[in-house]
Amino acid sequence: VRVALSLSRARLADVERTVPAVPTGMEAILPENRIYIPKVGKLVRLAVGEPFDLDALLAHHAHHGSTDARTRAHIADVIEMKLADLHHRLVHHPGSLD
Amino acid sequence: LSASASAVSAAAAASIAAGQTLVVLAFWWQAMDEPGLNLARAGVRVSRATITAVAALSAVFLKYFSRLRVHGRDRFTQLVASPRRDDADSRPRAGRPLITVSNHASCLDDPLLWGALPWADLLRTSWRGHMRWTPGSRRICYANPLFGYFFGLGQVTPVSWGEGIFQPGMRIAQEQLDRGGWVHIFPEGRVNQSGRIYPCKWGVGQLVLETARRHGASPLVLILAHTGACGSLSLSRALG
C-alpha cells in the first residue's frame, strides 16, 4: 500500500494535467499538512561539491554548431551526473568527501 | 496520541509566532535605514526581513534541533556568502553568477539547507539581499494569495510542469543571473525520497547557456547533495 501510494503521489500532478478527473480521497490518507511538521534530532548531512563552470562544454557545442536544445540537454545531463555522483558518495562513501 | 498531537501543534504555533516576531523586528531594523516612505524600497526591505527571519529559523532548527554534518563548508561559505568587512554594495564572487543545484528530499529543503551556513555569513548574506532566487512549484508555493505573498517575498519564483523552460518563473531566475545573482535549482523538478537522483530537467541547462551568452562568462555551478532531510520531514510518515 505504501509503495502504491507513493507512486500515485509522485504521478499526481501528471494525472491532474492529463486526466480531467482529479482523484479524491487521497487527502484523507495522506494529509498534506502533516508533512510540513519537521522531526527533531535527525542526522542531516550535506556535501558541497567543487564549483565548476561549463565553458569547455559550451565552447565544444559552439564549435560544432549544436542547437540550443542539444546544448542545454547536454548541460542538464552533466549536472545530473555530477549530482548523482556526489549524492552516491555522500550516501555510500562519506569518507571520500572532505 | 492527542497529547503528542497537541504538543506538535503547540510547537508549530510557537515557531510561527517566533517567525512573525522576527519578521516584524527585522523589518523595523531594515526600515530604520530608510528616511521617508518609498514603496519600492519598502518592498525590498520586507523581502529581506522575511528572508532573514526564515534563514534564522532554519539555522536554529538545523544547528540546534538536528545533528548537522557538512562536508566542504568553507567553499560553500566562500561562494555563497557576501564578503565580510566591505561596503554594503560588495557582491559575492565579485559579481559572477552562481547556480547551485541540489537533490530535493523534502518540502523544506530550500530554507533549511541555507541554515548550514555559519551564523554571521547567513545573516549578512540575507540582510544585504544576496540570498538565492529559486523556482518553486506554483501548485504548492503559490497555492493561495497568502502563500504567494510569502514565497514571493522569499524570492521563490512560480514554475509549473509542462510550461517549458521559458515560462515567466524561469525568466525571473534568468534576470537574477544576468545581474550576477545566485539561483538555486532543484533540477529533478519534484520532491524525491527514493534515494536515487531523477533525470534532470533542461531548465538548468538553459540557465547556464543563456547566462554564458548574455553575461559573457558562464556561471559557476555548485553541486549540493544532502541526506537526512527526508528523515526530518518524511512524506511517508503521515501513513504511520
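Atom set for the values below is all heavy atoms of this structure, side chains included, hydrogens, waters and symmetry mates excluded. Throughout, protein chains are lettered first and strands after them, A, B, ... in sequence-line order, and every chain is numbered starting at 1.
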*Asks:* How about A:H87 and B:I223: do any of their side-chain heavy atoms sit closer than 4.5 Å?
*Replies:*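 The answer is no; the side chains never approach within 4.5 Å.
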*Asks:* Side chain, backbone, both or neither: which part of B:L220 has an atom under 4.5 Å from a heavy atom of chain A?
*Replies:*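 When you check distances to chain A, atoms from both the backbone and side chain of B:L220 fall under 4.5 Å.
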*Asks:* Working to the nearest 0.5 angstrom, can you tell me the gap between B:T157 OG1 and B:M170 CE?
*Replies:*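 Spacing of OG1 (B:T157) from CE (B:M170) equals 7.5 Å.
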*Asks:* May I ask you to name which of A:V78, A:I79, A:L83 has the most heavy-atom pairs under 4.5 Å with chain B?
*Replies:*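 Heavy-atom pairs under 4.5 Å are most numerous for A:L83.
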*Asks:* Select all residues of residues 49-59 of chain A having any heavy atom within less than 4.5 Å of some heavy atom of chain B, and report them by number, or 'none'.
*Replies:*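 Expected list: A:G49, A:E50, A:P51, A:F52, A:D53, A:L54, A:D55, A:L58.
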*Asks:* Quick one: does B:L209's side chain get under 4.5 Å of A:H61's, heavy atoms only?
*Replies:*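 No - every pair of side-chain heavy atoms lies 4.5 Å or more apart.
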*Asks:* Do B:S218 and B:R96 come close enough that some side-chain heavy atom pair is under 4.5 Å?
*Replies:*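 B:S218 reaches B:R96 side chain to side chain.
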*Asks:* For B:S137, is it the side chain, the backbone, both, or neither that has a heavy atom closer than 4.5 Å to a heavy atom of chain A?
*Replies:*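 It is neither, since no heavy atom gets under 4.5 Å.
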*Asks:* What option among B:P199, B:P219, B:S194 has the most heavy-atom pairs under 4.5 Å with chain A?
*Replies:*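 If we count pairs closer than 4.5 Å to chain A, B:P199 comes out on top.
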*Asks:* Without hydrogens or angle criteria, can the side chains of B:D178 and B:Q174 be said to hold a donor-acceptor pair below 3.5 Å?
*Replies:*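 Yes, a side-chain donor-acceptor pair sits under 3.5 Å.
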*Asks:* Could you pull out all residues at least two apart from B:R67 that satisfy salt bridge (charged side-chain N to carboxylate O under 4.0 Å, His left out)?
*Replies:*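 Not a single residue meets the salt bridge (charged side-chain N to carboxylate O under 4.0 Å, His left out) criterion with B:R67.
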*Asks:* Taking 4.0 angstrom as the limit, do A:D85 and A:K82 come out as a salt bridge?
*Replies:*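 Salt bridge absent between A:D85 and A:K82.
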*Asks:* Apply side-chain contact (heavy atoms from CB on, under 4.5 Å) to the pair B:S66 and B:L68, showing each step before the final yes or no.
*Replies:* CA-CA 6 Å; B:S66 307; B:L68 175 66; 5.6 Å; no
*Asks:* Are there residues of residues 89-97 of chain A whose heavy atoms fall under 4.5 Å of chain B's heavy atoms? If so, which?
*Replies:*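 The residues closer than 4.5 Å to chain B, in numerical order, are A:L90, A:V91, A:P94, A:L97.
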*Asks:* Who passes side-chain contact (heavy atoms from CB on, under 4.5 Å) against B:I165, sequence neighbours left out?
*Replies:*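 Per chain and number, B:I165 pairs via side-chain contact (heavy atoms from CB on, under 4.5 Å) with A:R72, B:W202, B:Q206.
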*Asks:* CZ/B:R171 to CZ/B:F166 distance, rounded to the nearest 0.5 angstrom?
*Replies:*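 One finds 6.5 Å between CZ of B:R171 and CZ of B:F166.
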*Asks:* So, for B:W182 and B:W114, is the gap between ring centers shorter than 6.0 Å?
*Replies:*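 Yes.
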*Asks:* Identify which of B:T100, B:N103, B:L207, B:V204 forms the greatest number of heavy-atom pairs closer than 4.5 Å to chain A.
*Replies:*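 Counting heavy-atom pairs under 4.5 Å, the top option is B:N103.
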*Asks:* Tell me, out of B:R73, B:H226, B:R75, who's got the most heavy-atom pairs with chain A below 4.5 Å.
*Replies:*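 The answer is B:R75.
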*Asks:* By a 4.5 Å heavy-atom criterion (distance strictly below it), what part of B:I99 contacts chain A: side chain, backbone, both, or neither?
*Replies:*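 Neither the backbone nor the side chain of B:I99 comes within 4.5 Å of chain A.
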*Asks:* Taking the side chain as every heavy atom from C-beta outward, state whether B:L113 and B:F76 have any pair of such atoms under 4.5 Å apart.
*Replies:*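 A side-chain contact is absent here, since even the closest heavy-atom pair is not under 4.5 Å.
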*Asks:* Answer yes or no: is there a donor N or O on one side and an acceptor on the other, between the side chain of B:S160 and the main chain of B:R138, under 3.5 Å?
*Replies:*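 Answer holds: no.
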*Asks:* Where does A:D68 contact chain B at under 4.5 Å (heavy atoms): side chain, backbone, both or neither?
*Replies:*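 It is both, since atoms from each part get that close.
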